[in-house]
2 protein chains.
Amino acid sequence: MRYRKIPNETVRRLPVYLRALHILGQQGKASTSSTDLADMVAVNSWQVRKDFSYFGAFGKPGSGYEIDGLKKQIARILRLDTEHKVALVGVGNLGSAVLAYAGFAPYGFDIVAAYDCDPKKAGKKIHNVTVESVAKLKDLRKTGINLAIIAVPESAAQQIADQLVQAGVKGILNFSPLHIQVPKRVKVITIDIAVDMARLPYYMS
Amino acid sequence: MRYRKIPNETVRRLPVYLRALHILGQQGKASTSSTDLADMVAVNSWQVRKDFSYFGAFGKPGSGYEIDGLKKQIARILRLDTEHKVALVGVGNLGSAVLAYAGFAPYGFDIVAAYDCDPKKAGKKIHNVTVESVAKLKDLRKTGINLAIIAVPESAAQQIADQLVQAGVKGILNFSPLHIQVPKRVKVITIDIAVDMARLPYYMS
DNA sequence: TTGTGTGAAAGTTTTCACAGCA
DNA sequence: TGCTGTGAAAACTTTCACACAA
C-alpha cells in the first residue's frame with residue numbers, strides 16, 4: 001500500500017505522533033511500538049499502523065518503530081524537515097502569548113517578525129522579536145517568510161490577510177473567528193477558541 | 001428525518017453557524033438563507049440544510065430561516081441556552097489572553113474564577129477576575145462551576161486536570177499539548193496551536 | 001512470541017438530485 | 001420562482017482479522 005493518497009484525517013494526526021515521538025526521544029528511548037504511541041495520543045494501535053502505512057512501511061515486526069527514523073520520515077512528509085520562518089501580526093494579549101510559546105520550536109517554526117498597528121508598540125522588543133508597524137508588511141516579501149499568524153481583532157483580520165497574501169505568504173494560522181477569504185493557492189487554518197469551547201456542554205452528560 | 005443521531009461533524013459546525021447568525025442579527029437582519037450562511041462559514045448550502053435537518057426542519061421554502069428562532073434552536077441543542085460559569089487555571093501569557101478574550105460571551109460563557117500556582121499572582125485582579133491560589137481549587141465544587149480551561153505548562157496539566165475532576169468539573173478546554181487522562185464521564189477538548197500550525201506546510205503548494 | 005502491514009467490512013460524512021412548499 | 005428537506009449514491013475513514021516477519 002505504498003504512496004496512496006494520504007487521508008486528511010491522517011495528516012491531522014501526524015503532528016500529534018511527531019510530538020509524542022519527540023517526547024519519547026527526550027526520554028532517551030530509541031524505539032517504540034504502535035501500541036505505546038497509540039496510548040500516548042489516545043487512538044488505537046491499528047489506527048497508528050494504518051496511518052503510517054499510507055507512506056509505506058516503517059516498522060519492524062517484533063521490535064516496533066525506530067524513533068529517530070520515524071520522526072524524520074513524518075517531518076519530511078509534513079515538510080517540516082526544514083526551518084520555517086514565521087511572521088506574527090497583532091501583538092496584543094494573544095500575540096504576546098504566541099511569541100512566548102515554546103511549543104513551535106520542535107516543529108521547526110521560528111517567529112522572526114512581529115507587526116502591530118499600534119505605533120506605541122513599534123520598536124519594542126518582545127521575546128526577542130522587534131515589533132514593527134503594519135505599514136512594513138509590504139517588505140515581508142524580501143524576507144523569505146511565507147507563513148504568518150494572524151492574532152488581530154476580528155474586524156481587522158480580512159484586511160491583514162489581504163496584505164499578507166500580497167506579500168507572498170502561502171500559509172496562515174488565523175486566530176480570528178469565522179472565515180477569511182484568500183486565493184485558493186493560500187492555505188488558512190483557523191483556530192477559534194470559543195467555537196471549540198462551545199461544543200463542550202453538548203458532550204457533558 | 002427528525003431526531004436522528006447527530007453526526008459529530010455537524011456538532012462541530014453548529015457553533016460556527018451560531019456565530020454567523022449572531023453577526024447577521026447584529027447587522028439587523030431578521031432572516032437568512034442556507035446559501036448566505038454557507039458563504040459566511042465556507043461550506044455548501046446543502047451541507048447547511050442537511051446539518052439543520054438532523055434536528056428537524058427549521059426553514060421556510062422560498063423565504064429561508066428566521067434568525068432569532070434558529071439561534072435559539074441551535075443554542076438549545078448545544079445546551080448553550082443557559083449561562084455557563086467557567087474556571088481558568090493558569091494565568092500566564094495565554095491565560096491572561098483568555099481572560100481578555102471577548103469571544104466567549106456570545107455563547108454564554110462567563111469566566112468567574114481564575115487560579116495560578118504563583119503566590120505572587122494570588123489576590124490580583126485581572127480583567128475583573130481575582131486570581132486565587134491553586135490550593136483553593138478544592139472549593140470549586142461549592143461554586144457550581146463545571147467547566148474549566150487549562151492554560152498551565154504541559155508538565156502541570158495532568159495534575160491540574162485530576163484536581164478539576166475531583167472538584168466536580170465535567171468539561172475541560174485544554175491548551176496543553178498531548179492527551180490528558182480523565183474519567184469517561186468528563187469531556188476534554190484540546191487546542192494545540194503548534195499541532196495545527198504543523199499541518200500548514202503540508203498543504204502549501 | 002511479539003508486533004507489523006493491509007485487504008475487506010463496517011461505519012460515517014459529504015454530495016447530489018430533485019420533490020415540494022410559500 | 002426561490003429556497004427548503006431528504007433519500008440515495010459516492011466518498012471517505014475507521015475497525016477488524018489475520019498473514020507474516022523478526
Side-chain angles (χ1 to χ4, degrees), chain A residues 1-17 20-21 24 29-71 73-74 77 179 199 202-203, chain B residues 1-17 20-21 24 29-71 73-74 77 179 199 202-203:
Chain A
M1 199 203 263
R2 287 195 149 246
Y3 293 99
R4 282 226 248 118
K5 201 237 163 217
I6 301 170
N8 252 298
E9 291 303 305
T10 296
V11 174
R12 169 169 288 142
R13 282 186 293 266
L14 287 182
V16 183
Y17 296 138
L21 290 167
L24 288 169
K29 301 221 173 77
S31 70
T32 186
S33 68
S34 59
T35 320
D36 287 352
L37 264 177
D39 285 349
M40 288 183 77
V41 307
V43 299
N44 302 97
S45 64
W46 59 77
Q47 180 78 81
V48 173
R49 295 201 299 277
K50 186 67 141 190
D51 282 340
F52 293 171
S53 81
Y54 288 110
F55 351 95
F58 297 119
K60 284 198 184 114
S63 64
Y65 300 86
E66 193 260 310
I67 289 176
D68 265 4
L70 186 50
K71 269 174 71 176
Q73 282 272 22
I74 297 178
I77 290 153
H179 182 55
R199 273 181 305 138
Y202 178 84
Y203 290 108
Chain B
M1 198 200 263
R2 286 193 150 248
Y3 293 99
R4 279 227 249 117
K5 200 240 164 213
I6 302 169
N8 252 298
E9 292 302 306
T10 297
V11 174
R12 169 169 286 142
R13 281 187 293 268
L14 287 182
V16 183
Y17 296 138
L21 290 167
L24 287 170
K29 300 220 173 76
S31 70
T32 186
S33 68
S34 59
T35 320
D36 287 352
L37 263 177
D39 285 349
M40 288 183 76
V41 307
V43 300
N44 302 97
S45 64
W46 58 77
Q47 180 78 82
V48 173
R49 294 200 300 277
K50 186 67 139 189
D51 282 339
F52 292 171
S53 80
Y54 288 110
F55 350 96
F58 298 118
K60 286 200 183 109
S63 65
Y65 300 85
E66 193 260 312
I67 289 176
D68 265 5
L70 187 50
K71 270 174 70 175
Q73 282 272 20
I74 296 178
I77 291 152
H179 182 55
R199 274 181 306 140
Y202 178 84
Y203 290 108

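Lettering follows sequence order; numbering is per chain, from 1.
Every residue two or more places apart in sequence or in another chain that forms a ring pair (Phe, Tyr, Trp, His ring centres under 6.0 Å) with B:Tyr17 is listed here: B:Phe52. Checked against side chain to side chain donor-acceptor pair (under 3.5 Å), A:Glu66 has no partners two or more places apart in sequence or in another chain. B:Lys60 is linked by a side chain to side chain donor-acceptor pair (under 3.5 Å) to nothing, counting only residues two or more places apart in sequence or in another chain.
Atom OG1 of A:Thr10 and atom NZ of A:Lys5 lie 9.0 Å apart (nearest 0.5 Å). Put simply, CG on A:Leu37 and CD1 on A:Ile67 are 7.5 Å apart, with the number rounded to the nearest 0.5 Å. For the atom pair CD1 (A:Ile77) and CZ (A:Phe55), the distance works out to 4.0 Å, reported to the nearest 0.5 Å.
In this entry the distance linking CG of B:Asn8 with P of D:dT13 reads 15 Å, nearest Å. Between B:Asn44 atom CG and D:dT4 atom P there is a gap of 14 Å when expressed in whole angstrom units. The interatomic distance linking A:Asp51 (CG) with C:dT6 (C1') rounds to 13 Å, in whole Å. If you measure from atom CZ of A:Phe55 to atom P of C:dT6, you get 12 Å, rounded to the nearest angstrom. If you measure from atom CZ of A:Phe58 to atom C1' of C:dG5, you get 12 Å, rounded to the nearest angstrom. Counting to the nearest Å, the C1' atom of C:dT4 and the CD atom of A:Gln47 are 15 Å from each other. Rounded to whole Å, atom P of C:dA10 lies 15 Å from atom NZ of A:Lys50.
Scanning residues 9-16 of chain B for heavy-atom distances under 4.0 Å to DNA chain D yields an empty list.
Judged as a side-chain hydrogen bond (donor to acceptor under 3.5 Å, both in side chains), the pairs with a partner in residues 30-41 of chain B (not counting sequence neighbours) are, in order, B:Ser34-B:Arg49.
For the pair A:Ser33 and B:Ile6, nearest-nucleotide mapping onto DNA chain C gives the more 5' position to A:Ser33.
Residue B:Phe52 is out of contact with every strand shown, counting any heavy-atom pair closer than 4.0 Å. Among the heavy atoms of the strands lying under 4.0 Å from B:Ser34 are primed sugar atoms or P, OP1, OP2 only; no base atom is included.
When the nucleotides C:dT13, C:dT6, D:dT13 are ranked by their closest atom to the side chain of A:Pro7, D:dT13 comes out on top. Checked against D:dT14, D:dG5, D:dC3, the side chain of B:Tyr65 finds its nearest nucleotide in D:dG5. Candidate nucleotides D:dT14, C:dT6, D:dT6 were compared by shortest atom distance to the side chain of A:Tyr54, and D:dT14 ranks first.
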With side-chain contact (heavy atoms from CB on, under 4.5 Å) as the test, would you mind laying out the steps for A:Arg12 and A:Asn8 before giving the verdict?
-> CA-CA 6 Å; A:Arg12 169 169 288 142; A:Asn8 252 298; over 6 Å; no
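Using a 4.5 Å heavy-atom threshold, the side chains of B:Tyr202 and A:Ile6 count as touching.
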Take nucleotides 17-22 of chain C nucleotide by nucleotide from the 5' end and write B, S or -, depending on whether a protein heavy atom sits under 4.0 Å from the base, only from the sugar-phosphate, or from neither.
-> ---BBS
